[in-house]
Amino acid sequence: MKYISTRGAAPTIGFADALLAGLATDGGLYLPEFWPTLPPLDELRGRTYSEVAAKVMWPFVEEDIDRDVFDALVVEAYSVFDDPRVCPVVDLGETASGASHHLVELFHGPTFAFKDVALQLVGRLFDHFLTERGERVCILGATSGDTGSAAIDSVVGRDAIDIFILFPEGRVSEVQRRQMTTVDSPNVHAVAVAGNFDDCQDLVKAAFADEAFRNGVHLSAVNSINWARVMAQIVYYVTAALEVNGAKAPVSFSVPTGNFGNILAGWVAKQMGLPIERLIVASNSNDILTRFFTTGTMEIREVIPTSSPSMDIQISSNLERLLFEVLGRDGRHIAEMLTSFRSSGVTSVEMDALERLGRSFDARRVTENEVAATIRSIHAETNMIIDPHTAVAVRAAIDMPGSSDTPVISLSTAHPAKFPDAVSAALGERPPVPAKLARVFDLPERTTSISNDLTAVKHLILSRI
Ligand SMILES: *Cc1c(COP(=O)(O)O)cnc(C)c1O
């Protein structure tokens with residue numbers, strides 16, 4: 001399998017190069033040249049998560065890695081999850097139209113959010129290819145919460161990788177900060193920046209834009225535009241459909257969406273032949289995608305802080321991959337469209353493209369009141385506590401338009417204990433904290449504080465690696 005850029009002006013490369021590069025040299029995102037078909041579903045039924053995962057992902061990686069090595073990395077990545085099913089499915093009752101409703105729990109990894117499912121594998125793939133090539137990288141990222149700890153946990157103790165995660169001092173929750181600062185490993189550097197999240201992100205961008213520095217320390221990124229993260233996320237759409245009805249009839253998915261990486265993986269699963277009827281793009285009050293999928297016009301507004309902060313986003317970077325596909329894989333057109341979107345804050349697609357999107361996607365905005373009401377109603381009906389991100393998906397699924405009796409699977413992207421304040425505001429009770437998460441409150445913190453300044457970032461990295 002070779003990989004092409006959505007902007008059409010970067011060389012075609014193999015899996016390992018696309019993994020290690022992240023972003024293409026023309027500013028585009030990598031996609032496989034074609035969509036392989038899933039292995040026969042009969043071969044997947046009754047298998048473990050890791051077995052299904054290795055079979056589903058194999059066509060994307062086969063030219064770059066031995067089958068035994070890949071299988072072993074997959075087994076290792078998912079052995080750190082606290083449930084042997086890795087992404088278990090639970091019943092949630094019925095939607096308003098009477099369809100059966102299920103939840104696939106994606107938060108059983110080491111940091112209790114769905115980012116672990118992809119990052120635990122991606123970290124190991126990075127380490128494998130770097131070691132094979134005798135190279136090292138320095139991963140630099142900014143986080144407003146969940147991604148930082150998931151990225152750190154995916155590379156802790158790896159010889160070929162140093163990781164520096166910048167977070168805004170005093171502006172991440174205590175759990176989130178401690179999940180980063182209590183990791184005791186010489187290759188992990190949690191850095192508090194005197195500034196806000198945008199300042200952290202700007203510092204990262206500035207460091208990458210400094211070519212001499214970037215090349216000198218081999219800067220790299222594991223953010224959600226990395227193709228390998230999308231690839232690893234395809235798997236749980238397959239295992240969830242197999243669990244609910246053997247994938248013998250269509251299912252629909254409702255996905256709490258921010259950067260569009262998670263739901264894009266569902267769309268890819270559909271291209272590979274998984275019987276998926278509808279994909280519901282569930283948004284919080286930041287409803288740019290709801291407006292886009294309804295009207296064909298994408299228009300940036302101010303970010304509104306909500307109880308589901310991992311979805312407080314205006315520009316969903318992975319949407320670029322879907323647009324490339326539905327607009328006829330025309331890289332030049334995508335480059336023009338996204339450049340003008342960045343400068344003017346608005347762009348549109350024609351009615352025929354909107355119609356093509358509508359064949360797979362529905363979109364729904366869920367208000368803050370609805371999030372709280374959904375946390376309460378699910379608790380009343382099932383005794384389960386769901387987190388605010390999950391509640392966005394669950395509500396969109398329950399209210400799904402039409403009268404289909406196709407089963408609906410909502411994606412549960414975080415453990416409720418990661419968002420205790422929002423849960424207790426809705427329920428009047430705090431969610432129980434798993435022992436592993438509670439432990440971070442007893443461990444010593446290791447943090448470096450720096451000023452909001454590129455020189456300080458560069459100095460810190462050079463002094464540590
Ligand atoms: C990252 C994240 C999301 C959004 O996923 P995208 O792939 O960015 O659409 C939803 N919920 C939680 C808890 C997250 O951490």
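Order of appearance sets the numbers: ligands from 1, and atoms from 1 within every ligand.
In this structure, NE2 in His189 is found 10.0 Å from CD1 in Ile152, a value given to the nearest 0.5 Å.
At the shortest separation from atom 9 (O) of ligand 1 among protein heavy atoms lies Gly258 N, 2.8 Å. Closest protein heavy atom to atom 7 (O) of ligand 1: Asn262 N, 2.9 Å. Of the protein's non-hydrogen atoms, Thr413 OG1, 3.4 Å is the one closest to atom 12 (C) of ligand 1.
Below 30°, between 30° and 60°, or above 60°: for Phe293 and Phe361 the angle between ring planes is between 30° and 60°, a tilted geometry. Ring geometry, Trp267 versus Trp35: the interplanar angle exceeds 60°, so the pair is classed perpendicular (tilted spans 30 to 60°). Taking the six-membered ring where tryptophan is involved, the planes of His415 and Phe112 are perpendicular, since the angle between them exceeds 60° and thus also 30°.
The ligand atoms of ligand 1 that sit less than 4.0 angstrom from a heavy atom of Ala414 are 13 (C). Taking a cut-off of under 4.0 Å to the non-hydrogen atoms of Gly261, the atoms of ligand 1 that pass are 6 (P), 7 (O), 9 (O). With ligand atoms numbered from 1 in the order given, ligand 1 contributes 2 (C), 12 (C), 14 (C), 15 (O) to contacts under 4.0 Å with heavy atoms of Ser310. Less than 4.0 angstrom separates some heavy atom of Phe260 from each of these atoms of ligand 1: 6 (P), 8 (O), 9 (O).
In this structure, the side chains of Glu325 and Gln271 stay at 4.5 Å or more apart for every pair of heavy atoms. Here the side chains of Glu320 and Leu323 are not in contact, with every heavy-atom distance at 4.5 Å or above.
Of the listed options Phe114, Phe107, Phe112, Phe114 places a heavy atom closest to atom 5 (O) of ligand 1. Closest to atom 8 (O) of ligand 1 by heavy atom, among Asn259, Thr257, Asn318, Ile313, is Asn259. Nearest to atom 14 (C) of ligand 1 by heavy atom, out of His389, His415, Lys115, is Lys115.
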Step-by-step ring pair (Phe, Tyr, Trp, His ring centres under 6.0 Å) determination, His333 to Phe324 | CA-CA 9 Å; His333 178 59; Phe324 180 72; over 10 Å; no
Val408/Val251 under side chain to side chain contact (heavy atoms under 4.5 Å, CB included): CA gap, chis, key distance, verdict | CA-CA 6 Å; Val408 185; Val251 293; over 6 Å; no
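Using 4.0 Å as the threshold, Pro256 has a heavy atom nearer than that to some atom of ligand 1.
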